[in-house]
Number of protein chains: 2
Amino acid sequence: MKMSNTQQRRVILEELRKLDTHPTADELYDLVRQRLPQISLGTVYRNLELLSATSQILKLQLTGTQKRFDGNTALHYHRRCPCCGRVSDLKGEEMAEVERVLNELLRKTGCRSYTLELCGVCPACRKQQSSSRENPENINNPKSHQENKNDGIERQ
Amino acid sequence: MKMSNTQQRRVILEELRKLDTHPTADELYDLVRQRLPQISLGTVYRNLELLSATSQILKLQLTGTQKRFDGNTALHYHRRCPCCGRVSDLKGEEMAEVERVLNELLRKTGCRSYTLELCGVCPACRKQQSSSRENPENINNPKSHQENKNDGIERQ
DNA sequence: CCAAAATTGATAATGATTATTAATTCTAAT
DNA sequence: ATTAGAATTAATAATCATTATCAATTTTGG
């Protein structure tokens, strides 16, 4: 079963690689459909499965009911924001710190790998919060910087 | 909406607290049905939801397609075994190590919480592996110490 | 170009969970 | 204890995410 190079597969991979937002299958479907209006959701699922099975993308098992996909296969870590529900990548220093600390943990527990999801306010929400001191307990409106169909806060 | 004390809810909580196996809703349903044959799966789901919403139990978001529930609400950590698929708790020293290391991580990243699932061979499988040196690459048969309907290895 | 293999779109099926609803059970106040 | 009102139940339907099926189309390597 050699993997052939179809237009659909190419576009799915291209669109996913444009993003750093870890889309769900149906979010990616909406994007891909703008270029290939005839494509079906099943094709998107099928290709995401194949692409992750061949390590060209990552399939993420995060909290929430839907799987998410990541075009960035380099080692990195994810943080879900409790304000907007968005999943973002840890950057630079934070990233290195997680790696150091978790490798230490694997060594000490004798485990071989781990799945980690951090929960913390993302940079976008942090900015919004500090600029509205008069109402600090207000949760930021997810719609303001995320285009989810639901409330943006996925329940686990 | 005051929570009333029904037989169903009591039995569900009792049975869950007997276990340290982090059952799925349907696994718990099978157990509870031995005491209350008329109970419906919906009732089990409804009560697990209520009990976790009131912090009497934990709802776990681990890898795999089904949610799991935990009657032990004290802080502890979970490891899924790649051999048998079973989810077990980290004990004693390991436990303290994770807590220390992850608290440090939260402090350094400014995050507020995390979801962590470790992946490592569980004590039962470790014993089995070391006692069968002649075939070390063999994966232990999940059926041998897990009563799952599927193969016991949940795919993510 | 051609045959074999892989893939697609459409759609049905599945599995886990949540919602609906009429009937039953709890509760707390008499 | 009785009873009205609230909460819960069992049964079942509905939903949501994902996977499977399959005839038709596309891709591939010779």
Side-chain angles (χ1 to χ4, degrees), chain A residues 1-13 15 22-30 32-54 56-57 59-69 85 87 148-156, chain B residues 1-13 15 22-30 32-54 56-57 59-69 85 87 148-156:
Chain A
M1 192 208 268
K2 182 162 181 324
M3 206 168 177
S4 52
N5 183 16
T6 65
Q7 190 180 200
Q8 289 89 336
R9 185 166 301 152
R10 228 176 307 120
V11 172
I12 288 168
L13 187 54
E15 290 300 317
H22 317 87
T24 58
D26 62 297
E27 286 168 354
L28 192 56
Y29 172 56
D30 287 343
V32 169
R33 230 177 343 169
Q34 294 174 17
R35 291 174 58 186
L36 303 175
Q38 298 314 311
I39 201 170
S40 81
L41 180 57
T43 299
V44 173
Y45 269 107
R46 204 176 332 103
N47 278 293
L48 289 173
E49 189 57 42
L50 266 167
L51 289 167
S52 70
T54 54
Q56 299 177 262
I57 66 172
K59 180 163 58 170
L60 306 179
Q61 174 74 37
L62 304 174
T63 61
T65 55
Q66 285 172 274
K67 285 170 188 146
R68 291 178 176 271
F69 298 87
V87 174
N148 266 1
K149 271 160 256 165
N150 56 28
D151 61 7
I153 312 285
E154 288 190 71
R155 39 234 148 285
Q156 74 165 38
Chain B
M1 194 206 268
K2 184 166 179 322
M3 206 169 179
S4 54
N5 182 16
T6 65
Q7 191 180 198
Q8 289 89 336
R9 184 166 302 151
R10 227 177 308 119
V11 172
I12 289 168
L13 187 53
E15 289 300 316
H22 319 87
T24 59
D26 63 296
E27 286 168 354
L28 192 56
Y29 172 56
D30 287 342
V32 168
R33 232 179 342 172
Q34 294 174 15
R35 291 174 57 185
L36 302 175
Q38 299 313 312
I39 201 170
S40 81
L41 180 56
T43 299
V44 173
Y45 269 107
R46 203 180 330 104
N47 279 293
L48 288 173
E49 189 56 43
L50 266 166
L51 290 167
S52 69
T54 54
Q56 299 177 263
I57 65 172
K59 180 164 57 170
L60 306 179
Q61 175 74 36
L62 304 175
T63 60
T65 54
Q66 286 172 274
K67 284 171 189 149
R68 290 178 176 271
F69 298 87
V87 174
N148 266 1
K149 272 159 256 165
N150 55 28
D151 61 6
I153 311 285
E154 289 189 70
R155 39 234 148 284
Q156 72 165 38

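These numbers come from a predicted model, not from an experiment. Chain letters run A, B, ... following the sequence lines, proteins first, then strands; residues in each count from 1.
Residues from residues 42-53 of chain B with heavy atoms under 4.0 angstrom of DNA chain C, sorted by number: B:Tyr45.
Along DNA chain D, the stretch of nucleotides lying under 4.0 Å from any heavy atom of chain A spans, 5' to 3', D:dA17 to D:dG29. In the 5' to 3' direction, nucleotides of DNA chain C lying under 4.0 Å from heavy atoms of chain A begin and end at C:dA6 to C:dA10.
Partners of B:Glu49 under the salt bridge (Lys or Arg N to Asp or Glu O under 4.0 Å) rule, at least two apart in sequence or in another chain, are B:Lys59. With sequence neighbours excluded, the residues that form a side chain to side chain contact (heavy atoms under 4.5 Å, CB included) with A:Thr6 are A:Ser4, A:Gln8, A:Arg9. Scored by the side chain to side chain donor-acceptor pair (under 3.5 Å) test, B:Thr43 finds B:Ser40, B:Arg46 as partners (sequence neighbours excluded). Partners of B:Arg33 according to the salt bridge (Lys or Arg N to Asp or Glu O under 4.0 Å) rule, which considers only residues two or more places apart in sequence or in another chain, are B:Asp30. Applying the side chain to side chain donor-acceptor pair (under 3.5 Å) test to A:Arg10 and every residue at least two apart in sequence or in another chain returns A:Asn5.
An angle of 40°, rounded to 10°, separates the two end axes of the helix from C:dC1-D:dG30 to C:dT30-D:dA1, each defined over five pairs.
Taking the nucleotide of DNA chain C with the nearest heavy atom to each of A:Gln8 and B:Arg10, the more 5' of the two is matched to A:Gln8. Heavy-atom nearest nucleotides on DNA chain D were determined for A:Thr6 and for A:Ala25, and the one closer to the 5' end corresponds to A:Ala25. Annotation: of the two residues near DNA chain C, A:Ser4 and B:Gln7, the 5′-most nearest-nucleotide partner is A:Ser4.
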